[in-house]
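Written below as structure tokens is the structure these notes are about.
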Amino acid sequence: MDSNGFRPEHRFDVELVAVTKRYGGTVAVDGVSLRIPRATYCCLLGPSGCGKTSTLRMIAGHEVISEGDVLIHDVNVTDLPPVQRGTAMMFQSYALFPHLNCLDNVAFSLKARGVPKPERHRRARDYLARVHLQDYAERLPGQLSGGQQQRVALARALITEPRILLLDEPLSALDPFLRGQVREELKRLQRELGITFIHVTHSQDEAMALADLMVIMEAGRIRQAGPPREIFERPADAFVARFIGGHNILRDGAGTIAVRADRCRLGIPEAGPHIRGRVAAVEYQGSSVRVALAVDGGPPLSVVMPDDRFFAGPVQPGEEAALTWSTRDAHALPDPA
Amino acid sequence: MIGGGARSRDPREKRPWTFYALATLMGVFLLFLYGPMFVIYLLSFQGPNGGVTFPMVGVSTVWFEDILKPGQMANIPVAFGRSILLAAIVSTITVLVSVAAGLGFRRRFRGSGILFYLAVASLVMPSLLVGFGIGLGFQLFGWKADLFSSALAAQLTWTLPFGLFAMFAVFNRFNRAYEEAATDLGANAWQRLRWVTLPILLPGILGVAMGAFTLSYDEYARTTLVAGNRNTLPLEIYALISSSTSPTLFAIGTLTTTVSFLVIGATLAFVFRLQRRRALARHG
């Protein structure tokens, strides 16, 4: 055991055991269990109101856990305050203190621990330099751009040397261009620090790009957890397939199946499985083209194909078309109960 | 702080006739509001031989000098000092209580609704009766009515609910994520209050202090029956109005208004400086 009582040899960085959160009569998180291996980039993904933020806040200790346990580095932290959990949280709107300059924002946790001013300022400068903001130490948060504020928030969280970094929609306030850039930085940082990041998002792209472990939640429960590739190739159910996108949910003789939109084709139905419809829209996406197909009595379908294949035999909205797929691309889904 | 939805009018955008109608109404209202005061400021510079009405017979500062001369006006400077002191005490107590109450009321607790309505009810009580009741109470217990006991209490019945209301508005705009961030970073409750909550709320708190100060400074109805034998400035002025008529009264009015404006102006300047420094706008 080290001085904090945390065992150096632990199996999981974070473990949730049947964690439940109730607000009055409503259940926000319903018996969620999850094991996050060491040094994992974990993304909690789901539509709004699915319980992902409540889960994150329970791990952080900002929300009382109604039932169940949270373990960090194999130690039960369910009843510990945030500071004793070894977590640091980056808030959605960053929550930088508006009356303190960047240096004092970053140094805040050291000040709370009674570190003398020269020492805490020296260390805060180090962390500001890590996020390339050493020249902005004297600025107030209001004088920084969104991206800069995000980096100050990151430095302020990291200076606590957390075991787990919790990020609540960290990229949602940034413009799309910056988002991609910061995404890369977050991933690089996580690898360098070798700690677990838990990142809440509602963007599939973000989760796919970042996660080692992607956790898809809906209505307070985990629908599927696994590496992004596994989830994309073998969605557990129709909800997951629909939510991560890029799939057509179809029926064949045996039951419900999911087929990736980029494995479907437009063409003349031969002996193979197919479904007839009408072209509803054509979206040019640069390297690929997406054709939306309206089908009688069913949800709209789509076919994504490389641009050269599309332009070899283009179709127009309104034309009759058939969507075909190969049985080996069909992924069987459990029938909705 | 800078309204995100505000946009300036395109010069080619036509204004409807209602704009001019309402602008005229507003103009008349402003004239009604400030006209009488302006007349008083003007008449306080009446010449030595002039009276309390127009025309002005020359211009002088005789009436201002009159205030400081020993004689009928002897009590004015003393009463002024007392008023300032009382207002400062009222303001301090109001801030302490309403900030604490504001913090407490952020959570619903048993009886919070009833407590809130009880506090607010004293705003709508007839003010003279509140003073009368307090005076009666003091007499009942055989206590001596005094500026810094009974009058102070009477004024607090007015400024405390006001301060509570104002603090609700202040806390309404306060983002609790700041406090959570402080907790997350290891601050204890006291550090969080001192280093995060209070500094961020400071402009609002200063507003409450200012409001309570001015409410006390010109309070008359509640104070008049319970002030004891030492008068506040408004009581003193009222006594003068009924006994004498000279432009000195106007000079007192001008002077006290100037003091009010100086205090308010200094506070506003301080708050504006704070806010500009912070540039609270999230999008920098």
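Proteins get letters first, then strands, A, B, ... in listed order; numbering begins at 1 in each. On a predicted model such as this, the values are computed, not experimentally measured, just so you know.
At a threshold of 4.0 Å, the pair A/R122-A/E119 counts as salt-bridged, since one of the basic side-chain nitrogens sits closer than that to a carboxylate oxygen.
For the options A/P82, A/A153, A/G61, A/A95, heavy-atom pairs under 4.5 Å to chain B are most numerous at A/A95.
B/Y41 meets the side-chain contact (heavy atoms from CB on, under 4.5 Å) test with B/M37, B/T254, B/T257; sequence neighbours excluded.
For A/L96, the part lying under 4.5 angstrom from a heavy atom of chain B is the backbone only. Proximity to chain A involves both the backbone and the side chain of B/E180, based on heavy atoms less than 4.5 angstrom apart.
Within the cation-pi definition used here (under 6.0 Å to the ring centroid, within 45° of the axis), A/R130 qualifies as a partner of A/Y127.
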Show me the donor-acceptor pairs, under 3.5 Å and distance only, between side chains in residues 103-112 of chain A and residues at least two apart or in other chains.
unit_1, atom_1, unit_2, atom_2, d
A/D104, OD1, A/H121, NE2, 2.9
A/N105, OD1, A/F97, N, 2.8
A/N105, OD1, A/R156, NH1, 3.3
A/N105, ND2, A/F97, O, 3.1
A/N105, ND2, A/L100, O, 2.9
A/N105, ND2, A/N101, O, 3.3

